[in-house]
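I have placed the structure first, in the form of structure tokens, so that the comments after it can refer back to it.
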Amino acid sequence: MVHGRVSRLSVHDVRFPTSLGGHGSDAMHTDPDYSAAYVVLETDAEDGLKGYGITFTLGRGTEVVVCAVNALAPHVLNKDLGDIVGDFRGFYRQLTSDGQLRWIGAEKGVVHLAAAAVLSAAWAPWAKQEGKPLWKLLVDMDPQTLVSCIDFRYITDVLTEEEACEILRQSQVGKKERVEEQMLAHGYPAYTMSCAWLGHPDATLKQLCSEALKDSWTRFKVKVGANLQDDIRRCQLIKNMIGPEKTLMMDANQRWDVPEAVEWVTKLAEFKPLWTEEPTSPDDILGHAAVSKALAPLGIGVAIGEQCHNRVIFKQLLEAKALKFLQIDSCRLGSVNENLSVLLMAKKFEIRVPWGFPVCPHLGGVGLCELVQHLIMFDFISVSASQDRMCEYVDHLHEHFKHPVLIREASYMPPKDAGYSTEMKEDSVKRHRYPDGEVWKKLLTAQGN
Ligand SMILES: C[C@H](O)[C@@H](O)CC(=O)C(=O)O
Ligand SMILES: [Mg+2]
């Protein structure tokens with residue numbers, strides 16, 4: 001079991017000026033600077049063990065998440081890592097149900113983003129000291145221990161602790177083959193979002209799409225929602241390049257009202273998108289159910305998840321059949337702990353509809369690819385045993401991580417390094433710290449700030 005007392009918690013506002021190239025841009029987030037509140041837990045362990053955690057932001061507001069992390073620090077400092085992971089559910093609840101902090105966001109918003117970074121910083125050293133990548137730590141864990149990390153509050157009406165254990169027990173069958181014959185041999189299937197950000201001019205879109213095709217990508221996501229004529233032109237351009245046999249998905253990032261979503265996507269149906277992502281507000285569960293029902297005859301599914309606050313929202317989306325593709329996010333939800341509950345709920349609900357609810361994680365952001373790959377590999381090996389799904393990939397900023405993702409033939413290859421792939425290079429953190437890092441000093445001076 002992991003050991004070492006948390007002697008110091010530091011949190012860093014780290015920002016990358018991706019808005020300069022339009023990378024990450026969509027119909028609602030037009031100028032994102034991919035950023036992170038980056039948490040480092042130092043311990044008194046003799047091997048100098050540290051825990052690294054991250055949560056994803058878009059630039060402005062990262063300083064607010066940094067404040068929230070510092071507000072959570074009293075729950076972490078001087079704690080023994082062994083006690084934290086020995087009662088992970090209790091630690092999760094301490095962070096997410098602080099009697100005063102919960103008033104400004106009970107398992108949602110800034111406080112939950114901050115809790116996600118702190119929780120990830122506790123998972124990382126556990127995996128590190130066990131000498132396993134996190135996906136393997138989870139796969140090798142007995143069902144009872146795994147389930148003991150989950151807070152089932154508010155979801156026991158659809159998934160009890162016993163049911164969760166049973167799902168994990170039943171999925172033991174074939175695990176070894178799924179690890180050796182599939183995951184280690186072929187990796188996990190992915191799709192690319194990097195060719196068609198909304199801010200990309202057509203020439204860039206064509207060039208990136210052509211390069212992606214050469215790199216064996218067969219599934220592409222395109223940003224839509226700002227201007228219908230632009231959407232038609234850009235979808236036609238991509239469809240012409242990738243051909244009818246390859247897959248296109250669309251992502252509107254919450255731009256439309258419900259009737260507008262149905263009307264707009266119907267006008268894009270000629271491009272046969274597999275899914276339309278975030279057609280309306282992520283708080284509108286019944287709205288997503290209406291859009292799902294309206295688009296079903298066109299064979300277009302609804303995908304949602306990247307901005308769904310917590311497991312309770314996912315519970316309602318599943319109960320209302322408001323989605324077809326469920327998109328977990330390693331930093332939006334309460335880290336591994338809460339993502340486990342959503343993966344298990346998706347499996348539980350699968351038996352209610354013939355097509356199931358394929359989990360296709362959201363990874364459009366800095367560090368999300370590094371983290372979520374572990375969760376979706378665990379899902380395939382120990383929960384769903386299915387690969388009728390795929391994981392998003394964006395090819396930005398991996399060079400800033402000590403253990404960046406490895407993509408081969410449009411698939412994520414399983415991480416081999418012990419830990420949760422959350423550690424960033426010290427020089428990257430130093431240079432991109434906001435506002436005093438070298439990169440931002442230059443940029444802000446040039447902008448006259
Ligand atoms: C602002 C982010 O880049 C967002 O557009 C990412 C996203 O929606 C996705 O990757 O999906
Ligand atoms: Mg999206």
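One-based numbering, in listed order, for ligands and for the atoms of each. Any value given below was found using the heavy atoms of this structure, including those in side chains, with hydrogens, waters and symmetry copies removed.
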Check: Do the side chain of N310 and the main chain of V312 share a donor and acceptor less than 3.5 angstrom apart?
Finding: yes

Check: Is there an N/O/S atom in E277 at a distance below 2.8 Å from the Mg ion (ligand 2)?
Finding: yes

Next item on the list: Verify the ring-centre separation between H398 and Y393: is it less than 6.0 angstrom?
Entry: yes

Next item on the list: Provide the number and element of each atom of ligand 1 under 4.0 Å from a heavy atom of H362.
Entry: 6 (C), 7 (C), 9 (C), 10 (O), 11 (O)

Check: Of all the atoms in ligand 1, which lie at a distance below 4.0 Å from a heavy atom belonging to Y34?
Finding: 2 (C), 3 (O)

Next item on the list: Pull out every atom of ligand 1 sitting under 4.0 Å from any heavy atom of E277, numbered as shown with elements.
Entry: 11 (O)

Checklist line | Residue E409 excluded, over 12 heavy atoms near CD under 6.0 Å | finding: no

Notebook entry, point to check: E278 to ligand 1: N or O pair under 3.5 Å?
Noted result: no

Notebook entry, point to check: Just heavy atoms, cut-off under 4.0 Å: does N253 contact ligand 1 by side chain, backbone, both, or neither?
Noted result: side chain

Next item on the list: Apply side chain to side chain donor-acceptor pair (under 3.5 Å) to S386 and D388, showing your working.
Entry: CA-CA 6 Å; S386 161; D388 69 342; 2.6 Å; yes

Notebook entry, point to check: Measuring from the heavy atoms of H23, does anything fall under 4.0 Å of ligand 1?
Noted result: no

Next item on the list: To the nearest 10 degrees, could you say what angle the Mg ion (ligand 2) makes with OE1 of E306 and OD2 of D251?
Entry: 170°

Next item on the list: Evaluate the ring planes of F91 and F88, with Trp represented by its six-membered ring, and classify them as parallel (under 30°), tilted (30 to 60°) or perpendicular (over 60°).
Entry: tilted

Item checked: Protein residue, atom and distance nearest to atom 10 (O) of ligand 1, heavy-atom basis -> E392 OE2, 2.6 Å

Margin query: For the residue pair H374 / S421, report whether a side-chain donor-acceptor contact shorter than 3.5 Å exists.
Written below: yes

Next item on the list: Tell me whether the centres of the aromatic rings in H400 and F16 are closer together than 6.0 Å.
Entry: yes

Next item on the list: Examine the side chains of Q327 and E306 and answer whether a donor and an acceptor come within less than 3.5 Å of each other.
Entry: no

Checklist line | Shortest non-hydrogen separation from E277 to K221 and the atoms involved | finding: OE1-NZ, 2.6 Å

Next item on the list: May I ask you to list the atoms of ligand 1 that are less than 4.0 angstrom from any heavy atom of D251?
Entry: 7 (C), 8 (O), 9 (C), 11 (O)

Margin query: Can you tell me which portion of K223 lies within the under-4.0 Å heavy-atom range of ligand 1? Options are side chain, backbone, both, or neither.
Written below: side chain

Check: For W275 and Y191, what are the C-alpha separation, side-chain angles and deciding distance, and is it a ring pair (Phe, Tyr, Trp, His ring centres under 6.0 Å)?
Finding: CA-CA 13 Å; W275 77 56; Y191 72 88; 5.5 Å; yes

Margin query: Need the ligand 1 atom indices (1-based, order shown) with element for anything under 4.0 Å from a heavy-atom of G24.
Written below: 1 (C), 2 (C), 3 (O), 5 (O)

Next item on the list: Pull out every atom of ligand 1 sitting under 4.0 Å from any heavy atom of D26, numbered as shown with elements.
Entry: 1 (C), 2 (C), 4 (C), 5 (O)

Next item on the list: Within a distance under 4.0 Å of any heavy atom of W197, pick out the atoms of ligand 1 and give their elements.
Entry: 3 (O), 5 (O)

Note to self: Only heavy atoms of G364, strictly under 4.0 Å: list the atoms of ligand 1 that pass.
What the structure shows: 6 (C), 10 (O)

